There are 2 protein chains.
Amino acid sequence: MTVQELGIKAKKTQTFLSRVSTEDKNRALLAIADALENGKDEIIAANAIDLENGKKAGLGAGLLDRLMLNAQRIDGIADGVRQVAALPDACGKVVYEYEKDNGLKIQKITVPIGVIGIIYEARPNVTADAAALCLKSGNAVILRGGKEAINSNKAEVEIMQRALEGAGFPRDTVQLVEDTTRASATEMMKMTDYLDCLIPRGGKGLIKSVVESSTVPVIETGSGNCHIYVDESADIDMAANIIFNAKTQRISVCNACESLVIHSAVIAKALPAIKARLDEKNVEIRGDERAQAACGGIIPATEEDFYTEYLDYIISVKTVDSLDEAIDHINEHSTGHSEAIITANDDNAKKFMQCVDSSSVYVNASTRFTDGGEFGLGAEIGISTQKLHARGPMGIDGLTSTKYLIFGEGQIR
Amino acid sequence: MTVQELGIKAKKTQTFLSRVSTEDKNRALLAIADALENGKDEIIAANAIDLENGKKAGLGAGLLDRLMLNAQRIDGIADGVRQVAALPDACGKVVYEYEKDNGLKIQKITVPIGVIGIIYEARPNVTADAAALCLKSGNAVILRGGKEAINSNKAEVEIMQRALEGAGFPRDTVQLVEDTTRASATEMMKMTDYLDCLIPRGGKGLIKSVVESSTVPVIETGSGNCHIYVDESADIDMAANIIFNAKTQRISVCNACESLVIHSAVIAKALPAIKARLDEKNVEIRGDERAQAACGGIIPATEEDFYTEYLDYIISVKTVDSLDEAIDHINEHSTGHSEAIITANDDNAKKFMQCVDSSSVYVNASTRFTDGGEFGLGAEIGISTQKLHARGPMGIDGLTSTKYLIFGEGQIR
């Protein structure tokens, strides 16, 4: 089946999905959760083929671990689907109301976007997660996962489609692109007649290619060159503790801290304390000249370092003489994901939050909290680093559009 | 100055704009309104050059009329700017709040998008309108109008920049691309480092080219192949009255009605009544076979007709046997702008509103109401026909993004 054929089939589900009730959507989600649990053996067998192919292809241990599904992980995926079922419906909310002098009543309500395409890499858990979020928000979805997970994805989607049919839904509500060549991704990016939105999830290369080539509207997710600024008035212990957490709790994630900005008035005191904590995990620190002077064992940083999302046990340090300089440095080098200020000064906190142009701006907390679950959204389809439509952690509300309903009695203009 | 240089200058205004108060923005807007009124002679003199060039270039009467500025029109433009000043601020609204068990407080607030690019055609009134809406929502704007209006636009922007400086704002908050070749538009579409959003306003060709070529996120506006469905239970007089208004009150606009869908049970009665009204303005009616059989003087319609936005005294007619068939026909052929049902049946009205996938769906009223002013938004930057970010009439709320603010006391994950 070509990707366009999948698109045509997805469009055909729209008549059904536009009429579906919250109860029916939840019923379908619970059926999917049960089916995934009951289909555990089928999924694990398919996953075993992917793992073997992956080993043959020389995938690294980290990638193989992300690819691996076992009974426990499948139970976790099913529970995730049940949590999505338990969320309030994101559609049908009245977000604006207006009554004209002529008696015309105008309502703006939330509605599904329509057909959503998701292009992702070798994470078979994304398959059911993304399908559940799209279904909950009344959307059809076309999933295009990486070739490494193709057998696992096929098994999951086949199980979900059977469950959908059992719940009275069109099976094409959730579809998988089985062609995992570059061509299928490229075709999706041009499929404006059938896709209303395309969400790339994965590494920088994937996201860049989708953003640059897609004529379908894209929600850019992911890359995070996150900064923590240590203000003149910062509690140094708190700073060291937060930085240790934000850098090392999980190094491969987009909300990990990649760069420190430290006020020159406190760097001589702060940097050694921070380094002492980071040394526990052998984090390499690359700093500018003043950082190197303030503390032993700092490697020289290049300008390139300040633009780099390491996703590794490495962090850069920039010294500044003022809050304004810190804000400008961050706005110049960050990817607009998550940034934090450590300060005891409320005015400085306020200014930092107002002027740093990122999706999530913290005072005195770790950047690691940037996540749909942590922010109370229930679940997350991704973290948007663009400014249109959705910004930051994006839950099911981000998978809705709006529609104006206008109630008249013959009014003309 | 290259477009990129304008982009760099616009980015430099962000530090100022991120700190600016509602009062200061309103003060600047009122200064701009006064300056435009006081600069009337300067603008009219510049406009006279455009009009003369336009006549030499053989522009049609309609285009020349849209290009023309006189004292009254400039007063109207200035009043529009004052109305924008009077609107409540769209930024700084709390749209979501959450407090975690660990004491972390999370707020999601509305913020400016950043730098907005607007590509438009020969309408010099758009220049001040768009600048005012962007300024009110805290954004810098780069305006790229059509070559026909370049002298008028230069005069307006020069006056606005002087007023901005007088009000303590950076003059680069509002900038004009003086190069009106295709190259400058193409450059804007690729300027992802400096533009956060691009809004094309104008004809189908312009919008298509921006949507297909831009790597900057686009808000698609404009084209409207709007339908009115005459249900079995419709009040025929009301239908004829609404259709006459929606088709003929102003033919060149995107919310004008272009196509009728009529239930077969009433077409023999409805179409002659509708035709009698449309004949008052010599509207050409192109219908399918059953429409031709139902009423004399109907020209045969091709399938192409049902996809056509005429913007002329022409309308197409499709006959259907059910509400479902009407909904499917509309969803297949419309541009997702505005559609209406004329009915006395509440269930049918509800189903039509739920299932027709357009930005604005009416029951018993003219599609001509789709407009920011009519919908109570105060002013309008355009009518979005896409589903992401903003859909339908788009006021200053559509020119904002959001930001999560997270207040901690040392929390780590």
Side-chain angles (χ1 to χ4, degrees), chain A residues 14-15 18-19 98 100 104 106 108 113-114 192 196-197 211-212 215 217-219 235 238 241-242 245-246 249 327-328 331 351 353-355 357-366 368-370 374-376 386-389 391-393 401-413, chain B residues 14-15 18-19 98 100 104 106 108 113-114 192 196-197 211-212 215 217-219 235 238 241-242 245-246 249 327-328 331 351 353-355 357-366 368-370 374-376 386-389 391-393 401-413:
Chain A
Q14 299 298 287
T15 305
S18 67
R19 291 156 170 82
Y98 179 70
K100 278 185 68 73
L104 217 53
I106 294 151
K108 188 177 178 179
I113 290 176
T192 46
D196 295 296
C197 169
V211 168
E212 286 180 358
T215 49
V218 169
I219 296 174
D235 174 330
M238 186 198 281
N241 197 38
I242 287 174
N245 177 262
Q249 195 237 353
I327 292 168
D328 289 346
N331 283 340
K351 189 177 189 184
M353 289 184 131
Q354 188 172 8
C355 300
D357 188 19
S358 295
S359 88
S360 306
V361 190
Y362 293 79
V363 53
N364 296 332
S366 170
R368 284 282 291 118
F369 287 108
T370 303
E374 297 289 330
F375 281 7
Q386 69 179 33
K387 292 179 171 181
L388 295 194
H389 189 70
R391 191 180 193 200
S401 179
T402 58
K403 183 197 253 185
Y404 287 97
L405 304 179
I406 307 95
F407 302 87
E409 293 154 320
Q411 284 88 341
I412 58 170
R413 189 167 169 186
Chain B
Q14 299 298 287
T15 305
S18 67
R19 292 158 170 83
Y98 180 70
K100 277 184 70 72
L104 217 53
I106 294 151
K108 188 177 178 179
I113 290 176
T192 46
D196 295 296
C197 169
V211 168
E212 285 180 358
T215 49
V218 169
I219 296 174
D235 174 329
M238 186 199 281
N241 197 37
I242 286 174
N245 177 263
Q249 195 237 354
I327 291 168
D328 289 346
N331 284 339
K351 190 176 188 185
M353 289 184 131
Q354 188 172 9
C355 300
D357 188 19
S358 295
S359 89
S360 306
V361 190
Y362 293 78
V363 53
N364 295 332
S366 170
R368 284 281 293 118
F369 287 108
T370 303
E374 297 289 331
F375 281 7
Q386 69 179 34
K387 292 179 171 179
L388 294 195
H389 189 70
R391 192 181 192 199
S401 180
T402 58
K403 183 197 253 185
Y404 287 97
L405 304 179
I406 306 96
F407 302 87
E409 293 155 320
Q411 284 89 340
I412 59 171
R413 188 168 170 186

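Only a predicted model underlies this, so the values are computations on that prediction, with no experimental measurement involved. Note: hydrogens, waters and symmetry copies are ignored here, and every other heavy atom, side chains too, is used.
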For [X], which atoms come within 4.5 Å of any heavy atom of chain A: side chain, backbone, both, or neither?
{"X": "Ile106(B)", "value": "side chain"}
{"X": "Glu374(B)", "value": "both"}
{"X": "Thr192(B)", "value": "neither"}
{"X": "Met353(B)", "value": "both"}
{"X": "Phe375(B)", "value": "both"}
{"X": "Thr402(B)", "value": "both"}

Highest number of heavy-atom pairs under 4.5 Å with chain A: which of Lys108(B), Met238(B), Gln386(B), Arg391(B)?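 The option with the most such pairs is Arg391(B).
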Between Leu388(B), Ile242(B), Thr370(B), Asp357(B), which residue shows the highest count of heavy-atom pairs closer than 4.5 Å to chain A? Leu388(B)
Go through [options] and name the one with the most non-hydrogen pairs under 4.5 angstrom from chain B.
{"options": "Tyr362(A), Phe407(A), Phe369(A)", "result": "Phe369(A)"}
{"options": "Glu409(A), Lys403(A), Gln354(A)", "result": "Lys403(A)"}
{"options": "Ile406(A), Ile219(A), Leu104(A), Thr15(A)", "result": "Ile406(A)"}
{"options": "Ser359(A), Gly392(A), Ser366(A)", "result": "Ser359(A)"}
{"options": "Glu212(A), Gln14(A), Lys100(A), Lys351(A)", "result": "Lys100(A)"}
{"options": "Asn331(A), Val361(A), Thr215(A)", "result": "Val361(A)"}

Considering non-hydrogen atoms only, spot the tightest contact between Cys355(A) and Ser18(B) and give its length. SG-OG, 3.6 Å
Apply side chain to side chain contact (heavy atoms under 4.5 Å, CB included) to Gln249(A) and list each qualifying residue two or more places apart in sequence or on a separate chain. Asn245(A), Arg368(A), Arg413(B)
Using the test side chain to side chain contact (heavy atoms under 4.5 Å, CB included), find all partners of Val211(B) that sit at least two apart in sequence or belong to another chain. Ile207(B), Val218(B), Glu220(B)
